[in-house]
Amino acid sequence: MITGIKELYGYREMLRNLVRKDLRTRYKGSFLGFLWTFINPLLQLIVYTIVFSTIMRTNIDKFYMYLFVALIPWIFFTSSIQGGATSIITNKDLIKKIYFPRLIIPLSVVNAAFMNMLFSMVVVFIVLLISGIGLSKYILLLPLVMILEYLFVLGLSFMFSALNVYFRDLEHILGIITMVWFYLTPIVYGVDMIPEKYLGLFYLNPMTNMVIAYRDILYYKKVPDFSTFGSIFAWSVIFIVLGYVVFQNLQKNFVEEL
Amino acid sequence: MNVIEVNNVYKSFKVYHDKGGTLKEKVLFKKRNRYEENQVLKGIDLNIKKGEVVGLIGQNGCGKSTLLKLMTKIIYPDKGTIEVKGKVSSLLELGAGFHPDMSGRENIYTNASIFGLTKKEIDNRIEKIIDFSELGEFVDNPVRTYSSGMYMRLAFSVAINVDAEILLIDEILAVGDSNFQQKCFERLRELKQKGITIVIVTHDTGTIERFCSRAIWLDKGLLQSDGKVSIVVDDYLRYMNLKRIDSIEKNHIEESREPENLETNKKENHSIAQNEIVEKEDVNNINYSDNRFGLKHIEITKAIIKNTEKEETRVLKGGEEVEIEIHYKVNKPLEEYVFGIGFYTLEGLCIYGSNTQLDRLKIKHTDNKGVVRYKIDRLPLLTGIYGLNIAVVDENGTPMDFIRNYCNFNVVSNDRSVGLISVKHKWIITDGGK
């Protein structure tokens, strides 16, 4: 695994090129171009604000922010695993032609999505300041949470990208799975709304604690529980290792399967 | 020091009859996923040392390209291991990741990054790469505006300038015009001198002989021969010659049926004609421009070419024993007969001809039919197709039965000289006229 990582480091320029291409070509040809990276989350935020402060009113204070700080990490999660799942097949011409560490491909998708999350975070910070919630010193914990989520998502993307080469249905099934997963994760609602008897099950969902951590730091301005951190950390380590092993085993037959 | 170690490698490919990739197809149509296993490599062991320039040869489908792909790690072996130490640049598929809308320069960056170069390393090489590609100012135009030659030149320039320690090449030297090819070879020679390990897959034994320090011949997924270039190449060519003889013979068996019928038809015609001739008995009436002419007092019924094993054949090996049997029948006995044969090119040029009279033999009439055998210990012809003339004349040279181009025969020779005839020879090289 260490030689694998060393090799990946050698190919950093390729990774950089792929991420840059992903970010650039996404809005290619559009009038606002790269600005969409910021406009998109901003427009989403405006929609949620209108919907939840005028139509579906809740008793949660500044519900749009409550939702938004959880939605940003969720969007990173879904766009990574869905983009990751198809990534090997999209790049099959390159894979068939030449050797390079195959991990680069899903890695570049996740990195591009992560970059997008960073840009969205800029919008989140600005709105937090404007809305009066403000930023606390616990914001310093945010990078740690983001890195742990990054590892978790990366592991899943490794796995799905490799599996999808063998079972092409996976990319379609994933659409349904992520939708169900979205409602099983406390994003549009809080953990306190979950019935007591199901609570244990919800905590088995790795994304539950991820979202809780983001919300604690950004919305409640408090340090997440130790158990939350522990859970995130465990899931991240498990998935990055598992994803790596699954990927490296399956990648050997990519060229023949593609 | 070994830079490439291949240990007992097996590789097979699945050839699906009708492949279904989705879950539904996998579950519902199990039959569709039937496949045949095509065993390409069957236990390859080989080590390549640093600085060696190795040529892999073998006929189509022998597994040489598969072996090269295994070395690049594009595919993995089913069994066995392959270890490659050092940075590899493969010239299997040039121009990986080229984007038509981007300029040549941008594509150099993309392409070189796929070879594992960092930005700084590419910056250091960019001028060299552009210079080598001879694209000049075109390098800033989008690649889609390039001619195919320019495209290949650019791609090749990147691949050869990434400073790999191991270079894997598959039949690439068809890049660009002859000047550029020359340049590629010079560059490869330079790299060879620098101690770069190079593995080349090619059908062209000439390339291997000019360029490699070692040759490996693969056949049917196994190592046939490995070692000194000249020995391996000769082994390979000899084998290919034998194969060619087999396939030509097969074709002959298939073809021979029809021509034989034609021949018998011809013979019938001739016998009618012959009667006329016999009746006229006029030497002046012989039409020498016909393919078969003569007075037919004595007539050739058939001629057979036999190889060393005394088998009838139309394919001969250069340098080996050959026998030509002439069967004849006598319509009107003469004092003396003279038999002759001749080898001709397809253009009708006589390469060699001889007859019994020239060899001071006197053949008197004995029976109404008989066989004359002409035998050569070492067939001195080079690879090619030749025509056989057969004739019988009387002692004055009046043609009795003269058959021009009785049949064609193939010669396959291991002598690689050019021209028509094989001469036993050697070169003696002395220094300074000593």
Side-chain angles (χ1 to χ4, degrees), chain A residues 3-4 6-22 24-25 28-29 85-86 88-105 108 163-174 176-177 247-258, chain B residues 11-16 19-27 35 38 40 66 68-78 84 87-99 101-102 106-107 109-123 155 158-159 162 164 166 168:
Chain A
T3 51
K6 231 188 229 170
E7 195 186 15
L8 276 181
Y9 183 70
Y11 279 82
R12 59 191 179 279
E13 176 65 17
M14 182 186 180
L15 180 59
R16 227 177 53 141
N17 278 337
L18 285 172
V19 172
R20 203 166 39 195
K21 203 164 98 187
D22 188 306
R24 267 196 200 159
T25 52
K28 205 182 173 188
T86 53
I88 297 290
I89 293 165
T90 318
N91 287 288
K92 67 176 176 190
D93 288 333
L94 205 54
I95 288 168
K96 280 180 175 176
K97 268 188 175 179
I98 190 168
Y99 172 79
F100 55 86
R102 292 355 184 166
L103 280 171
I104 293 268
I105 299 286
S108 76
L163 286 170
N164 194 43
V165 175
Y166 299 88
F167 316 103
R168 308 269 165 117
D169 291 79
L170 190 64
E171 60 186 88
H172 308 295
I173 296 170
L174 271 180
I176 301 297
I177 290 179
F247 188 92
Q248 292 295 29
N249 278 308
L250 291 179
Q251 65 110 349
K252 292 184 177 172
N253 283 320
F254 275 180
V255 170
E256 285 140 84
E257 288 290 333
L258 283 170
Chain B
K11 181 75 196 172
S12 63
F13 291 106
K14 288 171 186 170
V15 184
Y16 286 92
K19 197 182 173 196
T22 66
L23 189 64
K24 179 190 89 183
E25 284 170 314
K26 278 202 187 198
V27 175
Y35 55 81
N38 182 14
V40 180
T66 303
L68 205 65
K69 275 187 187 160
L70 284 165
M71 288 178 183
T72 63
K73 288 191 277 181
I74 290 178
I75 52 175
Y76 290 78
D78 300 334
V84 179
K87 197 183 187 117
V88 177
S89 170
S90 64
L91 280 68
L92 303 178
E93 295 260 11
L94 293 169
F98 268 25
H99 196 289
D101 286 333
M102 294 205 287
E106 286 171 304
N107 271 310
Y109 275 94
T110 321
N111 192 224
S113 76
I114 299 173
F115 280 109
L117 261 58
T118 61
K119 177 132 195 314
K120 218 174 101 190
E121 287 171 322
I122 303 170
D123 284 337
V158 180
V162 293
I166 299 164
L168 305 173

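Keep in mind that this is a model prediction, so the values were computed, not measured. Computed from heavy atoms alone, side chains included, the values below leave out hydrogens, waters and symmetry copies. Here is the naming used below: chain letters follow the sequence lines, and residue numbers restart at 1 for every chain.
When only modelled atom types and interatomic distance are considered, B/Ser113 and A/Asn17 share a side-chain donor-acceptor pair under 3.5 Å.
Annotation: the span from B/Ile114 atom CD1 to A/Ile104 atom CD1 amounts to 10.0 Å, rounded to 0.5 Å. For the atom pair CG of A/Asp93 and CZ of B/Phe98, the computed distance is 14.5 Å after rounding to the nearest 0.5 Å. Interatomic distance, B/Thr110 OG1 to A/Lys21 NZ, rounded to the nearest 0.5 Å: 7.0 Å.
Below 4.5 Å, heavy atoms of chain B meet heavy atoms from A/Leu94, A/Ile95, A/Lys96, A/Lys97, A/Ile98, A/Tyr99, A/Phe100, all part of residues 94-101 of chain A.
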Which pairs would a plain distance check flag for residues 115-123 of chain B, meaning a side-chain donor or acceptor within less than 3.5 Å of a matching protein atom at least two apart in sequence or in another chain?
{"from": "B/Thr118", "atom 1": "OG1", "to": "B/Glu121", "atom 2": "N", "distance (Å)": "3.4"}
{"from": "B/Thr118", "atom 1": "OG1", "to": "B/Glu121", "atom 2": "OE1", "distance (Å)": "3.2"}
{"from": "B/Glu121", "atom 1": "OE1", "to": "B/Thr118", "atom 2": "N", "distance (Å)": "2.8"}
{"from": "B/Asp123", "atom 1": "OD1", "to": "B/Tyr109", "atom 2": "OH", "distance (Å)": "2.4"}

